[in-house]
There are 2 protein chains.
Amino acid sequence: MKRSSSLHSPTFSPLYRQIKELIMGNLESGEWGPGDPIPSESELASRFGVSQGTVRKAIDEMAAENLLVRQQGKGTFVATHKDPGSAFRFLRLVPNDGVLRVSRSIPLECWRAKAGPDVARTLALEPGAPITIVRRLLKLGDEPVVFDEIYLSSELFPDLSLEVLGTGESLYGLFEARYGVCMVRADERLRAVSADRVSADLLQVAEGSPLLLVERVTFTFGQRPVEWRRGFYSTRNHHYRNQLG
Amino acid sequence: MKRSSSLHSPTFSPLYRQIKELIMGNLESGEWGPGDPIPSESELASRFGVSQGTVRKAIDEMAAENLLVRQQGKGTFVATHKDPGSAFRFLRLVPNDGVLRVSRSIPLECWRAKAGPDVARTLALEPGAPITIVRRLLKLGDEPVVFDEIYLSSELFPDLSLEVLGTGESLYGLFEARYGVCMVRADERLRAVSADRVSADLLQVAEGSPLLLVERVTFTFGQRPVEWRRGFYSTRNHHYRNQLG
DNA sequence: TATCTTATGTCTTATATATGATATTTATAA
DNA sequence: TTATAAATATCATATATAAGACATAAGATA
């Protein structure tokens with residue numbers, strides 16, 4: 001293993017980061033799928049021709065980014081949305097009273113369309129490319145709290161349909177299991193808006209009442225955008241929780 | 001340096017974390033103030049009787065939490081809100097068009113009161129303890145975008161007044177410089193609400209139009225809550241940005 | 001059979017050492 | 001005096017080594 005550029009070069013990246021990229025490559029290619037254990041640190045060290053400590057530092061960073069999960073005495077595993085612990089990693093909505101409730105995803109509609117200019121741009125597709133649009137309702141306990149409209153490339157999620165979506169399972173768990181697309185990072189933009197007729201009915205609030213609009217672009221490995229989502233959150237009995245460090 | 005409990009004990013914490021706590025102690029006590037350099041890694045190592053690598057790991061964690069800032073070749077410094085880079089670390093509101101604008105804090109009111117049960121609870125004060133309440137408007141460019149109501153312990157911020165607040169400077173920069181209270185972490189709860197008369201007027205929106213309500217509890221070292229804040233955000237031309245990892 | 005012990009492989013923590021990069025200070029030379 | 005060069009202190013990166021902790025599987029014992 002040699003560094004790919006001079007130490008003085010602006011494109012210099014330290015050895016552990018190059019190792020990280022190699023490991024990332026194996027995740028992207030699907031060689032190590034979600035939930036799988038990756039080889040041991042020393043195994044990777046000898047495979048890449050670096051010391052175990054260097055591999056460790058690479059894995060440390062990836063674990064901090066929730067791409068890998070360390071388990072002492074067992075090994076290091078590729079993060080998965082099927083894991084109950086990280087199943088709702090991206091849902092920041094919590095009930096005001098703090099009481100946990102069962103969550104249920106209720107698919108409402110699912111149809112095909114052609115990407116308009118805005119969808120094409122955010123998903124890095126050609127304008128006019130085939131996309132699939134999903135509408136679904138998320139319930140926490142008995143209360144409907146989120147109405148989502150989700151835009152996906154039909155090429156990545158070929159046979160997506162209401163039947164496939166079923167009822168209940170975590171969406172990202174499904175995407176991962178069925179299409180091998182692992183959601184890794186997301187950018188969200190939050191606004192306060194007035195409920196239109198459709199959202200108001202679904203969320204059982206008065207038309208015109210304030211809702212939290214959450215626009216999310218979700219990325220898989222390599223900063224590749226694969227999902228665009230507009231969610232209307234009812235914040236009557238819930239709130240969006242955020243920690244600033 | 002010895003570990004404070006057996007390796008098997010549930011309260012076990014590794015050596016580097018104990019060192020971290022010691023360093024934290026020096027920050028809490030104000031021995032090393034914001035902006036100051038802390039002693040070098042090897043200096044700390046010999047002072048605490050551990051190896052330099054252990055100190056490094058402690059500092060690494062604190063740098064990741066934005067408590068310390070490393071600067072290669074210079075030293076490691078206590079993070080400060082005066083630093084232009086991290087001046088608005090806690091403000092997640094960005095304009096939709098992405099164009100940066102100058103921000104200005106405009107204090108409106110500042111008065112004393114006694115802590116009600118809710119304020120007392122969130123700020124860990126005795127009910128009835130003296131508190132100071134500040135109302136201020138935040139402008140980005142010429143547009144008013146945030147109307148804040150801020151609750152502080154009068155004991156911690158003794159002579160806070162409209163004059164002291166002045167105009168323009170970052171609030172947390174002021175708190176740090178004048179009162180030695182360094183804001184380190186914050187928990188936020190977001191909701192969509194309807195603008196009341198006061199907020200609507202100040203933010204130049206129609207009464208009843210949707211606003212983003214951001215409730216924030218801000219902590220200083222040692223998880224100690226020192227500020228409670230309710231902010232009404234206008235999301236007409238701005239949005240609250242969040243990254244999910 | 002059921003339970004306990006041991007072995008093994010893994011991650012975790014800790015230490016020591018060395019080289020490189022960067023910013024500052026000091027010494028030297030023009 | 002000024003400009004350059006060398007020394008120094010710092011963090012950054014990489015390697016090697018070791019002992020501890022944890023989980024599992026295999027074997028030994030009651």
Side-chain angles (χ1 to χ4, degrees), chain A residues 1-23 32 35-64 66-79 83 85, chain B residues 1-23 32 35-64 66-79 83 85:
Chain A
M1 191 64 194
K2 280 278 175 291
R3 43 178 54 90
S4 58
S5 64
S6 141
L7 290 176
H8 296 281
S9 155
T11 64
F12 163 73
S13 86
L15 193 50
Y16 77 89
R17 217 171 266 274
Q18 298 175 41
I19 301 301
K20 182 181 167 185
E21 289 310 313
L22 290 178
I23 297 175
W32 305 329
D36 292 351
I38 69 171
S40 78
E41 293 182 352
S42 36
E43 159 73 26
L44 289 174
S46 65
R47 185 182 301 187
F48 295 138
V50 299
S51 83
Q52 177 257 1
T54 305
V55 172
R56 160 166 289 263
K57 189 151 186 178
I59 293 180
D60 276 345
E61 276 203 0
M62 298 179 69
N66 295 311
L67 298 175
L68 299 176
V69 178
R70 313 191 88 125
Q71 244 171 291
Q72 186 166 21
K74 291 192 70 174
T76 302
F77 300 81
V78 182
D83 175 44
Chain B
M1 190 64 194
K2 280 280 174 291
R3 44 177 56 88
S4 57
S5 64
S6 141
L7 289 176
H8 294 280
S9 155
T11 64
F12 164 73
S13 89
L15 194 49
Y16 78 90
R17 214 171 268 274
Q18 299 175 41
I19 300 300
K20 182 181 168 187
E21 289 310 315
L22 290 177
I23 298 175
W32 304 329
D36 292 350
I38 70 172
S40 78
E41 292 180 354
S42 34
E43 159 73 26
L44 289 174
S46 65
R47 184 182 303 187
F48 295 138
V50 299
S51 84
Q52 178 256 2
T54 304
V55 172
R56 158 166 289 264
K57 189 151 184 179
I59 293 179
D60 276 345
E61 276 205 0
M62 298 180 69
N66 295 310
L67 298 175
L68 299 175
V69 178
R70 313 190 89 126
Q71 245 170 292
Q72 186 169 30
K74 290 192 71 176
T76 301
F77 301 81
V78 182
D83 175 43

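Within every chain, numbering begins at 1; the chains are lettered A, B, ... in the order of the sequence lines, protein sequences first and strands thereafter. The figures here come from the full heavy-atom set of this structure, side chains too, leaving out hydrogens, waters and symmetry mates. Worth saying up front: this structure is predicted, and the values here are computed from it rather than measured.
Summarising the geometry, the separation between CG on Leu15(B) and C1' on dG20(D) is reported as 13 Å, rounded to the nearest angstrom. We find that CG of Leu44(A) is positioned 13 Å from C1' of dT10(C), with the value rounded to whole Å. Distance, Lys20(A) NZ to dT13(D) C1': 16 Å, rounded to whole Å. Atom CD1 in Ile19(A) sits about 13 Å away from atom C1' in dT15(D), given to the nearest Å. Going from atom CD of Glu41(A) over to atom P of dT17(D) covers 16 Å, rounded to whole Å. Rounded to whole Å, atom P of dG20(D) lies 19 Å from atom OH of Tyr16(B).
With rounding to the nearest 0.5 Å, the separation of OH in Tyr16(A) from CD1 in Ile23(A) is 12.5 Å. Rounding to the nearest 0.5 Å places CD1 of Ile38(A) at 5.0 Å from OG1 of Thr76(A). Separating the OG atom in Ser42(A) from the CZ atom in Arg56(A) is a distance of 10.5 Å, to the nearest 0.5 Å. The CD atom of Glu43(A) lies 12.0 Å from the CD atom of Glu41(A); values are rounded to the nearest 0.5 Å. Remark: Leu67(B) CG to Lys20(B) NZ distance equals 7.5 Å, nearest 0.5 Å.
The stretch residues 67-77 of chain A touches DNA chain D through Gln72(A), Gly73(A), Lys74(A), each having a heavy atom within less than 4.0 Å of the strand. For the segment residues 52-63 of chain B, residues with any heavy atom less than 4.0 angstrom from an atom of DNA chain C are, sorted by number, Thr54(B), Lys57(B).
Every residue two or more places apart in sequence or in another chain was checked for a salt bridge (charged side-chain N to carboxylate O under 4.0 Å, His left out) with Asp36(B), and none qualifies.
Closest non-hydrogen pair, Ser51(A) versus Ala45(A), comes out as C-CB, 3.8 Å.
The only member of Ile19(A), Ile59(A), Leu44(A) that meets side chain to side chain contact (heavy atoms under 4.5 Å, CB included) when paired with Thr54(A) is Ile19(A).
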